[in-house]
Amino acid sequence: MSSVPQSLSFNEYRNVVFELLTQIPRGKVATYKQIAQLAGIKNPRLVGRILHTNTDDQKYPCHRVIRADGSIADGYAFGERFGQIVRLRTEGVEVLNHKVNLELYQWQK
DNA sequence: GCTGTGACTTCGA
DNA sequence: CTCGAAGCCACAG
């Protein structure tokens with residue numbers, strides 16, 4: 001045993017990330033950096049790539065994942081960023097000027 | 001196996 | 001506040 005997290009496959013990371021998405025409570029958001037750390041991913045860019053493979057936003061709320069500075073990420077795969085913002089506000093997350101107050105809405109920091 | 005690219009991050013001007 | 005550059009890891013061609 002001894003250690004060895006080793007580099008998991010893209011599919012493995014994707015499984016972990018999607019699992020984390022389902023664990024995010026309603027009204028909370030998580031940053032790419034946060035998810036990456038929880039999933040054991042070193043590079044947050046990988047998280048973005050994984051989310052881009054998401055085909056079911058109903059099951060995996062990728063809209064709850066935002067940038068480290070609280071702003072909405074680019075290239076939302078399910079439409080314009082406006083849709084993502086509206087969805088967040090619907091869940092109770094206040095979005096001001098395309099930004100979210102992580103001090104108030106970040107998921108288990 | 002090298003090159004290009006990316007739903008990112010952080011610092012500096 | 002906006003813009004640019006370097007760092008970072010993994011995948012596609």
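By convention in this document, chain letters (A, B, ...) are assigned in the order of the sequence lines, proteins followed by strands, and residues within each chain are numbered from 1.
Distance check: Gln106(A) CD to Arg64(A) CZ gives 15.0 Å after rounding to the nearest 0.5 Å. Atoms CG and CZ, from Leu102(A) and Arg67(A) in turn, are 13.0 Å apart once rounded to the nearest 0.5 Å.
As rounded to whole Å, 7 Å separates atom C1' of dA7(B) from atom CG of Asp74(A). As a whole-Å value, the separation of His52(A) NE2 from dC8(B) P is 10 Å. For the pair Glu12(A) CD and dC9(C) C1', the computed distance is 17 Å after rounding to whole Å. Counting to the nearest Å, the P atom of dT9(B) and the CD1 atom of Ile72(A) are 12 Å from each other. Following rounding to the nearest Å, Arg81(A) (CZ) and dA7(B) (C1') show an atom-to-atom distance of 10 Å. Rounded to whole Å, atom P of dC8(B) lies 13 Å from atom CD1 of Ile50(A). Remark: P of dT9(B) and CG of Asn43(A) are 10 Å apart, rounded to the nearest angstrom. Residue Phe10(A) contributes atom CZ, which lies 11 Å from atom C1' of dG6(B) at whole-angstrom precision.
Within the 4.0 angstrom heavy-atom criterion, base atoms lie near Tyr32(A). If you check every strand for non-hydrogen atoms under 4.0 Å, Arg67(A) touches sugar and phosphate atoms only.
Here the side chain of Leu46(A) is nearest to one of dA7(B), dC8(B), dG6(B), namely dG6(B).
Legend: ring-ring contact (aromatic ring centres under 6.0 Å, His included) pairs involving residues 16-62 of chain A, not counting sequence neighbours, sorted by first then second residue: Phe18(A)-Tyr60(A).
Ile41(A) is connected to Leu51(A) through a chain of hydrophobic side-chain contacts under 4.5 Å among Ile, Leu, Val, Met, Phe, Trp and Tyr, so both are in one cluster. Cluster membership for Val47(A) and Ile24(A), using ILVMFWY side-chain heavy atoms within less than 4.5 angstrom, is shared. Val65(A) is connected to Leu46(A) through a chain of hydrophobic side-chain contacts under 4.5 Å among Ile, Leu, Val, Met, Phe, Trp and Tyr, so both are in one cluster.
Both Arg45(A) and Arg49(A) lie near DNA chain C, and the one whose nearest nucleotide falls closer to the 5' end is Arg45(A).
Remark: Asp69(A) does not engage Lys33(A) in a salt bridge, criterion side-chain N to carboxylate O under 4.0 Å.
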Can you give me the N/O atom pairs linking the protein to nucleotides 10-13 of chain B at distances under 3.5 Å, or say none if there are none?
residue, atom, partner, partner atom, Å
dT10(B), OP1, Lys33(A), NZ, 2.5

